[in-house]
Each structure stands twice: as structure tokens, then as C-alpha cells.
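Just so it is clear, the values below take in all heavy atoms, side chains as well, and ignore hydrogens, waters and symmetry mates.
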Amino acid sequence: MVESPCNKICTLNAAHICIGCGRSRAEIGGWSQMSDADKKRVVTRAKERLAAMGGARKATESR
């Protein structure tokens, strides 16, 4: 089982990417129906997106 990368920040930027976990709106919405292999791919892409955005935001930074 692949754990969700959600860190409870849940704020989308202008490109509809969560600034907390790095997943797209579609990836967040489809998470529960994804296979473990798909979830692993999403987690990898999400980490890459977060790195490109300068890292995950802290809850206090997103407000």
C-alpha cells in the first residue's frame, strides 16, 4: 500500500498543483482508485514538482 503524500496543506496554485504535496487536482481526486504502481508514479512526479516549485510550503506559509 502506498501512503498518500498529503500533508494537510491542500492549497492549489494557479496551475492546479497542490503546494503542500505536489499532486495535481486530478491526481488528488483519483488517488483512491489508483493502483499502487500508479500511486508510486504520482508520488515521484509530485516530488519533482515540489522541487521545481522550491519545496513544500509549510502550513503557516500558505495562509
To the nearest 0.5 Å, tell me how far [X] [atom1] sits from [Y] [atom2].
X: L12; Y: I17; atom1: CG; atom2: CD1; value: 8.0 Å
X: Q33; Y: K39; atom1: CD; atom2: NZ; value: 9.0 Å
X: S35; Y: K40; atom1: OG; atom2: NZ; value: 9.5 Å
X: E27; Y: C18; atom1: CD; atom2: SG; value: 10.5 Å

What heavy-atom pair brings [X] and [Y] nearest, and what distance separates the two atoms?
X: A46; Y: C21; value: CB-O, 3.3 Å
X: R49; Y: G22; value: NH1-O, 2.9 Å
X: V43; Y: E3; value: CG2-O, 4.4 Å
X: V2; Y: W31; value: O-CZ2, 3.8 Å
X: I19; Y: I9; value: CG1-CG2, 4.2 Å

Got a donor-acceptor contact below 3.5 angstrom from the R25 side chain to the H16 backbone?
->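 Checking the backbone N and O of H16 against the side chain of R25, no donor-acceptor pair under 3.5 Å is found.
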For the residue pair K47 and P5, establish whether any side-chain heavy-atom pair is separated by less than 4.5 Å.
->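 No; the side chains remain at least 4.5 Å from each other.
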Begin from the C-alpha positions of S24 and R45 and carry the test side-chain contact (heavy atoms from CB on, under 4.5 Å) through to its verdict.
-> CA-CA 10 Å; S24 70; R45 284 193 304 265; over 6 Å; no
Establish whether I28 and M34 are linked, either directly or via other cluster members, by ILVMFWY side-chain heavy-atom contacts under 4.5 Å.
->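 Different hydrophobic clusters.
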